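Beneath this line is the structure, given in structure tokens, with notes to follow.
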Protein chains: 2
Amino acid sequence: MARRNANGRAAVTISHVAEASGVSRATVSRVVNGNASVKPEIAERVRSEIARLGYEPSPVAQSLSLGRTSTVGMVVPDLGNPTFQSILHGVNQAAASAGYRVLVADSGESDVDEPAIVEDLRRRTDAVIVCSPRMSAESLNAVIPRVVPAVVVNRDEPVPAARVVVDYAAGIVALGRHLVDLGHRRILHLDGPPGSNAQAARAVGLATLAHTYPDLVVLREPCGATIAAGEAAFERARASGATAVIGFNDLVALGLMGRAAEHGWRVPDDVSIAGFDDIPFAHLSRPGLTTVHVALESVGEAAWGALSHQFAEAVGADFRSFTPVLVVRGSTGPALPG
Amino acid sequence: MARRNANGRAAVTISHVAEASGVSRATVSRVVNGNASVKPEIAERVRSEIARLGYEPSPVAQSLSLGRTSTVGMVVPDLGNPTFQSILHGVNQAAASAGYRVLVADSGESDVDEPAIVEDLRRRTDAVIVCSPRMSAESLNAVIPRVVPAVVVNRDEPVPAARVVVDYAAGIVALGRHLVDLGHRRILHLDGPPGSNAQAARAVGLATLAHTYPDLVVLREPCGATIAAGEAAFERARASGATAVIGFNDLVALGLMGRAAEHGWRVPDDVSIAGFDDIPFAHLSRPGLTTVHVALESVGEAAWGALSHQFAEAVGADFRSFTPVLVVRGSTGPALPG
DNA sequence: CTGAAAGCGCTTACAG
DNA sequence: CTGAAAGCGCTTACAG
């Protein structure tokens, strides 16, 4: 069936150009791609016919013929999540400057469907970037070898592919150290979604802290990853007796700060509050939110980099780790004496 | 060239399955697609070979053969912008449930490259969604007919395609009315990026307000669309003598509110401040930000709806308009008497 | 119910 | 420098 645009006009193909120019399709292909030498006057004639007819090669046909699509896929659990949006943005920027497009798939947080989505996406593209904080390690290990070149983002366990991660544990340690230096000895962490990679890393960081500072009491409360979860944790946070609270992320911390303000729990005089991620709003609260900055766009760029590296040489799994940096603002201060 | 995955193993094709099953490729195709009738025992044999070999049809080959890709493209000026992220999320959700994928292209705010990006994207997909607040009307009118089925988001001028818009002017009018009801008679609007469609619509809304309330003074200051722009507008806002300020968006309004707090300009006692968009952080500021809520995910879903409508019937341009709704929080209050 | 053949729109050895 | 031919992996009238 001839390709048609929706106006019902058949699209112009390489055959039309060949016929109009009085040459073979091979020759047209050569002038379009500029790789083999074509007699200048013929090339000129072909070019003018291309312009006159408005010919553009079909990427689909080229993909089938060449065996590559110049497209990479990216799977995320939730496009509505600013974290993945930032990573996607970074990937997209980097890929675009190399002439690649990115095809996104939102798995809707469904960890069971994810392997199938990853495979399907891979069939439509030259490589995949997998951001799947919830997928089980077994699923990941089963699916990754089938879809290389691939890069896995934010998974701490070894996988048979390139990997780029954020060192969340180091971020928590830096934050904890800051609080200890301010005199805090009873710190509460509001946990994120159970089973998520980020939460597991926070737990590791908290354990490191507790081990490093024997006189430090580290408490944990189940909470979540949203503003509403932070708001809902207010009573438990106050009842914990902690002098400093670390939210799983900035949303949680800001939600908690909002409730604290409403209930006269002063920040940082009565309690220090810190977040994680350094979203753009972190500096807008009063006081500004102490947090840890994660260069998510760089993570996306690094993911692309790992892919293009695999395109060039067939080498396997390399590894990039990004260390978050502490950003101190007004929401953390000295612990009250006594 | 045989398609290979990056392990160097050739991918399994329909021919392999046909040979292994002792039938023709046509028959394999039939059982894969389930459309024509195949003798049950043969179908069973083919299915088991498919499972054994791990065969999956190539979407690229199917696309070339069928003339459709089951993919739609979406062009946005900046993926980093939460507005487009939300629209994309809505599109993606709706498209996914219809078995379509979405291919995103970020034009990097370059209005000159956009027409080419739109055309290229369209060649790889079955339709395009164009979110190009800056592209000139002429460019838009030139490119759209070449890429139908298409839908244009947030452009107020007529275009030869389906269109879905947010009625920004109505939003501003609702906000202005609210302020007038509170007694404000001198209102400042902090303008967004010149030339953007949203800014043009705000200007229309402001003019409507001025016309509706003859004793109302409507001031405007060039500003921008970011937190930093809102912060930078503080001095000019205070100097304007306005009793109420409307930010181009919530970011601007929050930036302004932050500076106001620092300088002892009390909200809403000394000045009322309102934003636009109702981002998730709008209710987190103290006081909460009065703003106008825009259902961006619904806009995305409607864009998909307009496309699938065009897939079904070849009919042309329909139109959907979303009216923002006023959300009153604590940042706006009565104007001071006198 | 099934297969041989042509076609989708390209690219690229291979000959000349 | 150029063309005829085969191939990429599918689908679908058309015959039988």
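All values reported here derive from a predicted model rather than from experimental measurement.
Salt bridge A:E119/A:R146: present, at least one basic N to carboxylate O contact under 4.0 Å.
The distance from atom NE2 of A:H16 to atom C1' of C:dG7 is 13 Å, rounded to the nearest whole Å. The CZ atom of A:R124 sits 14 Å away from the C1' atom of D:dC10 (whole-angstrom rounding). As a whole-Å value, the separation of B:E19 CD from C:dG3 P is 14 Å. The interatomic distance linking A:I14 (CD1) with C:dT12 (C1') rounds to 12 Å, in whole Å. The distance between atom CG of A:L66 and atom P of D:dG7, rounded to the nearest whole Å, is 17 Å. Per the geometry, CZ belonging to A:R68 stands 8 Å off P belonging to C:dT12, to the nearest Å. A:R123 places its CZ atom 12 Å from the C1' atom of D:dC10, with the value rounded to the nearest Å.
Among B:R45, B:R52, B:R47, the one residue that satisfies the salt bridge (Lys or Arg N to Asp or Glu O under 4.0 Å) test with B:E49 is B:R52. None of B:D106, B:V104, B:I117 except one satisfies the side chain to side chain contact (heavy atoms under 4.5 Å, CB included) rule with A:R101; the exception is B:I117.
In terms of phosphate contacts, B:Q62 brings no side-chain nitrogen or oxygen within less than 4.0 Å of OP1 or OP2 of D:dG9. Between C:dT2 and B:S24, no contact under 4.0 Å exists linking OP1 or OP2 to a side-chain N or O.
A:D113 and A:S107 form no side-chain donor-acceptor contact under 3.5 Å, judged by distance and modelled atom types alone.
The side chain of A:K39 sits closest to D:dT2 out of D:dT2, C:dC1, C:dC10. Side-chain proximity of A:T13 to D:dT2, C:dC10, D:dC10: nearest is C:dC10. When distances are taken from the side chain of B:L64 to each of C:dG3, D:dC10, C:dC8, the shortest belongs to C:dC8. Between D:dT11, D:dC14, C:dT11, one nucleotide has an atom nearer to the side chain of B:R30 than all others, and that is D:dC14.
Across every strand in view, C:dA13 sits unpaired, with no contact that passes the Watson-Crick or G-U test at under 3.5 angstrom. With both pairing distances under 3.5 Å, D:dA4 is matched to nothing as a Watson-Crick or G-U wobble pair.
Mapping B:T27 and A:R25 onto DNA chain D by nearest heavy atom places A:R25 at the nucleotide closer to the 5' end.
Note on B:V23: only backbone sugar-phosphate atoms sit closer than 4.0 angstrom, heavy atoms only; bases stay farther off.
At a cut-off of 3.5 angstrom, the base of D:dG7 holds at least one donor-acceptor pair with the side chain of A:S65.
Ring geometry for B:Y100 versus B:F311: interplanar angle under 30°, hence parallel rather than tilted (30 to 60°).
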